[in-house]
Amino acid sequence: MHIACLLALGDNLITLSLLKEIASKQQQPLKILGTHLTLKIARLLECEKYFEIIPLFENVPAFYDLKKQGVFWAMKDFLLLLKAIKKHQIKHLILEKQDFRSASLATFIPITAPNKEIKNVYQNRQELFSQIYGHVFDHSSYLMNLKNPKKILINPFTRSIERSIPLEHLQIVLKLLKPFCVTLLDFEERYAFLKDGVTHYRAKTSLEEVKNLILESDLYIGGDSFLIHLAYYLKKNYFIFFYRDNDDFMPPNGKNENFLKAHKSHSIEQDLAKKFRHLGLL
């Protein structure tokens, strides 16, 4: 039996963090059919020893990325997956989501996938792994604590423009948080002109460096992306900017004061100030 970790960074992190809890209590590593992103996350979480990872793809395979990569590459990657299943004599595959891909694969190999009725990704994967491994997860989440915050880390970027924090909103955040020691992450090197308005400006950073910056900070602020899940895994305070409804990926301890649905806001500055005041930042 193998677990397929074929989705984006955030999905890999959620799945590996849950499986790590199971694998740490077992005598042998869990078998994973994944990508080089899976290897990267396993190293970041320092849990490689708990898994046997077969990195089949460099990135998210095309059949999970149809809009960007198209039908031709999707079919090619799907055939590559079928060949790998045969080559490694995989008898049963656990998938991270239930959709037309899982239905297609089920004609070739027995498939187990999460319950679609449970929308939240953390919850449906916990239930799935509990059923398979008989493991009882600890459902108590850490409480976020923002007493006397000093260091704040801000990352406006996500994998897609639609989910990233636009310049106008970023400038409002920086204005409201002026009294704090703010570090701005600028992965795309688009905001160098803002460097005089923050305490620290970081343009070129590795995942390991970003992990350490989150650990050093009292609060991480970002769009709906992988780094929010990393902050949750590291038990750090976070604040999410949503630009579409995506409660399915809300970390288990997410509360109303820890996010802003910017696409539903009539006044970003007023709504942010209200949230930040509630958190004790203003």
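Note: hydrogens, waters and symmetry copies are ignored here, and every other heavy atom, side chains too, is used.
Applying the side chain to side chain donor-acceptor pair (under 3.5 Å) test to pairs two or more places apart or on separate chains, those with a residue in residues 54-65 are Asp65-Gln69. Screening residues 162-184 for ring pair (Phe, Tyr, Trp, His ring centres under 6.0 Å) gives His169-Tyr243 as the qualifying pairs, with residues at least two apart or on separate chains. For residues 76-92, the pairs satisfying side chain to side chain donor-acceptor pair (under 3.5 Å) are His92-Thr112, with sequence neighbours left out.
The side-chain hydrogen bond (donor to acceptor under 3.5 Å, both in side chains) test applied to Lys236 returns no partner, not counting sequence neighbours. Under the rule for a side-chain contact (heavy atoms from CB on, under 4.5 Å), the partners of His200 that lie at least two apart in sequence or sit in another chain are Cys181, Thr183. Applying the salt bridge (charged side-chain N to carboxylate O under 4.0 Å, His left out) criterion to Glu127, with sequence neighbours excluded, gives no partner residue. Among residues two or more places apart in sequence or in another chain, the salt bridge (charged side-chain N to carboxylate O under 4.0 Å, His left out) test is passed with Glu21 by none. Contacts of Thr158 classified as side-chain hydrogen bond (donor to acceptor under 3.5 Å, both in side chains), with partners at least two apart in sequence or in another chain: Ser164. For Arg163, the salt bridge (charged side-chain N to carboxylate O under 4.0 Å, His left out) test picks out no residue, with sequence neighbours left out. Shown here are the salt bridge (charged side-chain N to carboxylate O under 4.0 Å, His left out) partners of Lys175, two or more places apart in sequence or in another chain: Glu269. In this structure Phe137 satisfies the ring pair (Phe, Tyr, Trp, His ring centres under 6.0 Å) test together with His135, sequence neighbours excluded.
For the pair Phe239/Leu260, a side-chain contact is recorded, criterion being any heavy-atom separation below 4.5 Å from C-beta on.
Side chains of Asn237 and Tyr232: a donor-acceptor N/O pair is absent below 3.5 angstrom, by distance only. In this model, no donor atom of one side chain and acceptor atom of the other lie less than 3.5 Å apart for His278 and Asn256. Checked by atom type, the side-chain pair Asp186/Tyr201 shows a donor-acceptor distance below 3.5 Å.
Under the 4.5 Å side-chain heavy-atom criterion for Ile, Leu, Val, Met, Phe, Trp and Tyr, Trp73 and Met75 are members of distinct hydrophobic clusters.
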Please list every donor-acceptor pair under 3.5 Å in which a side-chain atom of residues 217-229 meets a protein atom from a residue at least two apart or in another chain.
residue	atom	partner	partner atom	Å
Ser217	OG	Leu213	O	2.7
Asp218	OD2	Lys150	N	2.7
Asp218	OD2	Lys151	N	2.8
Tyr220	OH	Asn155	ND2	3.1
Asp224	OD2	Asn246	ND2	2.6
Ser225	OG	Leu227	N	3.4
His229	ND1	Tyr122	OH	2.8

